[in-house]
Trainee: 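Got a structure for you, written out below as structure tokens; questions coming shortly.
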Amino acid sequence: MTSFRLLRGFTLVVNDANNLGIEIEEAKLPSLEEKTEDFQPGGSDIEITVAGLGLKAPKMPFKLKSHNPLVTGLIGGPPGTRHDFTAKKFVVDEVDGSEHEHAIDIKGRLLKAEGEQMQAGKASGYDYEVGSILTYSESWDGRVMHRFSLLLGGWTTWNYQAVNEARRRILFG
């Protein structure tokens with residue numbers, strides 16, 4: 001039997017201390033998009049898309065209906081400064097009623113803090129974007145599905161399986 005899982009709530013926690021659950025309006029988890037290159041070999045009548053060239057730099061946009069100086073104050077900073085962002089989703093299976101946690105942990109920089117248009121009688125806040133992500137970990141119900149670390153040479157876990165162990169041993173051991 002297939003499941004039908006729906007989002008029933010979400011939050012974003014900044015630096016393990018600032019839970020934005022009552023301020024957050026929108027969040028988009030980082031897109032994982034593979035880099036490709038189109039190539040038409042000599043003598044071929046068709047072009048092929050070459051994949052496996054790595055992933056594009058992930059970014060995580062989010063929007064607060066709030067004016068939170070603890071978040072806005074994180075923009076920029078000296079080189080090497082990164083912050084921890086944990087996005088959590090509460091998902092319920094509408095078929096069997098089971099409850100699930102989908103979480104993303106990243107370490108990155110706040111690259112954008114853009115104030116929304118202010119309008120009388122309307123709540124406004126800020127649009128933010130996290131980028132320059134050094135580490136990325138995605139889990140379902142506490143089990144790591146994907147894990148990336150730039151400092152460890154790339155992916156360490158992909159689709160719940162350990163990967164690139166020889167690469168790390170040779171290049172970073």
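As the structure is a prediction and not an experimental result, all values here were calculated from the model.
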Trainee: At what distance, to the nearest 0.5 angstrom, does OG1 of Thr157 lie from CZ of Phe148?
Mentor: 12.5 Å
Trainee: When rounded to the nearest 0.5 angstrom, what is the spacing between NE2 in His83 and CD1 in Ile75?
Mentor: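 That separation rounds to 9.5 Å.
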Trainee: Heavy atoms only: give me the nearest Pro58-Pro30 pair and the separation to one decimal.
Mentor: CB-CB, 3.9 Å
Trainee: Does a sphere of radius 6.0 Å around CD1 in Ile22 hold more than 12 heavy atoms from other residues, nucleotides or ligands, not counting ones at 6.0 Å or beyond?
Mentor: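 No, CD1 of Ile22 has 12 or fewer neighbouring heavy atoms, counting only those of other groups under 6.0 Å.
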Trainee: Side chain of Arg109, backbone of Thr81: donor and acceptor closer than 3.5 Å?
Mentor: yes
Trainee: Under 4.5 Å between side-chain heavy atoms, hopping through other hydrophobics if needed: is there a path connecting Met145 to Leu152?
Mentor: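 No, Met145 and Leu152 fall in different hydrophobic clusters.
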Trainee: If Ile, Leu, Val, Met, Phe, Trp and Tyr residues are connected whenever their side-chain heavy atoms lie under 4.5 Å apart, and connections chain through other members, are Leu111 and Ile106 in the same group?
Mentor: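 No, it is not one cluster - the side chains of Leu111 and Ile106 are not joined through contacts under 4.5 Å.
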Trainee: Donor-acceptor pair, distance only, cut-off 3.5 Å: does the side chain of Asn164 make one with the backbone of Trp155?
Mentor: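 Yes: the side chain of Asn164 pairs with the backbone of Trp155.
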Trainee: Flag this pair as yes if the NZ/CZ of Arg143 is under 6.0 angstrom from the six-membered ring centre of Tyr160 and inside a 45 degree cone about the axis; otherwise no.
Mentor: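 Yes, a cation-pi geometry holds between Arg143 and Tyr160.
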Trainee: Could you go step by step and tell me if Glu34 and Lys56 meet the salt bridge (Lys or Arg N to Asp or Glu O under 4.0 Å) rule?
Mentor: CA-CA 6 Å; Glu34 198 167 14; Lys56 294 181 179 180; over 6 Å; no
Trainee: Would you call Val50 and Thr36 a side-chain contact if the rule is heavy atoms closer than 4.5 Å?
Mentor: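 They are not in contact (no side-chain heavy atoms under 4.5 Å apart), so the answer is no.
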Trainee: Tell me if the CD atom of Glu37 is crowded by more than 12 foreign heavy atoms within 6.0 Å.
Mentor: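 Not more than 12 within 6.0 Å, no.
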Trainee: Side chains of Glu116 and Ser124: do they bring a donor and an acceptor to under 3.5 Å?
Mentor: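 There is no such pair between these side chains.
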Trainee: Is there side-chain contact between Asp96 and Ser3, with at least one heavy-atom pair below 4.5 Å?
Mentor: no
Trainee: Do Leu6 and Val92 come within less than 4.5 Å of each other through their side chains, counting heavy atoms only?
Mentor: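 The answer is no, as the side chains (C-beta and beyond) never meet within the 4.5 Å cut-off.
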Trainee: Is any side-chain heavy atom of Arg5 closer than 4.5 Å to one of His100?
Mentor: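 When only atoms from C-beta onward are counted, Arg5 and His100 do touch, with a gap below 4.5 Å.
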Trainee: Main chain of Ser44, side chain of Gln40: is a donor-acceptor contact present, judged purely on distance under 3.5 Å?
Mentor: yes
Trainee: I would like to know whether Ile24 and Lys65 meet side chain to side chain contact (heavy atoms under 4.5 Å, CB included); could you show each step before the answer?
Mentor: CA-CA 6 Å; Ile24 195 157; Lys65 279 294 185 197; over 6 Å; no
Trainee: Please step through side chain to side chain contact (heavy atoms under 4.5 Å, CB included) for the pair Thr156 and Val144, ending with a clear verdict.
Mentor: CA-CA 10 Å; Thr156 61; Val144 175; over 6 Å; no
Trainee: Hey, is NZ on Lys35 packed in by over 12 heavy atoms from elsewhere, all under 6.0 Å?
Mentor: no
Trainee: Please answer: with hydrophobic residues joined when any side-chain heavy atoms are less than 4.5 Å apart, are Phe90 and Val95 in the same cluster?
Mentor: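 Phe90 and Val95: separate clusters.
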Trainee: Begin from the C-alpha positions of His102 and Leu7 and carry the test side chain to side chain contact (heavy atoms under 4.5 Å, CB included) through to its verdict.
Mentor: CA-CA 10 Å; His102 181 205; Leu7 176 68; over 6 Å; no
Trainee: Kindly work out whether a path of hydrophobic side-chain contacts (I/L/V/M/F/W/Y, heavy atoms less than 4.5 Å apart) joins Trp140 to Trp158.
Mentor: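 The answer is no; the residues belong to distinct hydrophobic clusters.
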Trainee: Report the relative orientation of the aromatic rings in Phe85 and Phe62; use parallel for angles under 30°, tilted for 30 to 60°, perpendicular for over 60°.
Mentor: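 The arrangement is tilted - the two ring planes meet at 30° to 60°.
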Trainee: Do Tyr128 and Thr72 have a side chain donor and acceptor closer than 3.5 Å?
Mentor: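 Checked: Tyr128/Thr72 side chains pair up, N/O donor to acceptor below 3.5 Å.
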Trainee: Less than 4.5 Å apart, any side-chain heavy atom of Val71 and any of Leu64?
Mentor: yes
Trainee: Does the distance from a Lys or Arg side-chain N to an Asp or Glu carboxylate O, for Glu99 and Arg8, drop under 4.0 Å?
Mentor: no
Trainee: Could you check, using the six-membered ring where one of them is a Trp, whether Tyr136 and His146 have ring centers closer than 6.0 angstrom?
Mentor: no
Trainee: Just how far is it from atom OG of Ser139 to atom NZ of Lys88, taken to the nearest 0.5 Å?
Mentor: 9.0 Å
Trainee: What distance separates Asp84 CG from Asp105 CG, expressed to the nearest 0.5 Å?
Mentor: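 Rounded to the nearest 0.5 Å, the CG-CG separation comes out at 8.0 Å.
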Trainee: Indicate if Val13 and Leu74 have the same hydrophobic cluster label, given that clusters are the connected sets of ILVMFWY residues with side-chain heavy-atom separations under 4.5 angstrom.
Mentor: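 Different hydrophobic clusters.
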Trainee: Within a reach of under 6.0 Å around NZ of Lys63, are more than 12 heavy atoms found that belong to other residues, nucleotides or ligands?
Mentor: yes
Trainee: Ignoring hydrogens and geometry, is there a side-chain-to-backbone donor-acceptor pair from Asn68 to Leu70 under 3.5 Å?
Mentor: yes
Trainee: For a quick test of reading the model, state the closest non-hydrogen atom pair linking Ile46 to Pro41 and the distance between them.
Mentor: O-CD, 4.0 Å
Trainee: How far does CD1 of Ile104 sit from NZ of Lys89, to the nearest 0.5 angstrom?
Mentor: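 Going from CD1 on Ile104 over to NZ on Lys89, the span is 7.5 Å.
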Trainee: Within a radius of less than 6.0 Å around NZ of Lys59, do more than 12 heavy atoms belonging to other residues, nucleotides or ligands occur?
Mentor: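 Check fails, neighbour count at 12 or below.
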Trainee: Would you check if Glu26 and Asp127 make a side-chain contact, meaning some heavy-atom pair closer than 4.5 Å?
Mentor: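 No, every pair of side-chain atoms sits at 4.5 Å or beyond.
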Trainee: Any non-hydrogen side-chain atom of Tyr126 less than 4.5 Å from a side-chain atom of Glu114?
Mentor: no
Trainee: Quick one: CZ on Phe10 to CG on Leu20, what's the gap to the nearest 0.5 Å?
Mentor: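 The CG atom of Leu20 is 10.5 Å from CZ of Phe10, to the nearest 0.5 Å.
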Trainee: Run Arg147 and Glu138 through side chain to side chain contact (heavy atoms under 4.5 Å, CB included) and show every step you take.
Mentor: CA-CA 6 Å; Arg147 182 170 282 151; Glu138 180 174 3; over 6 Å; no
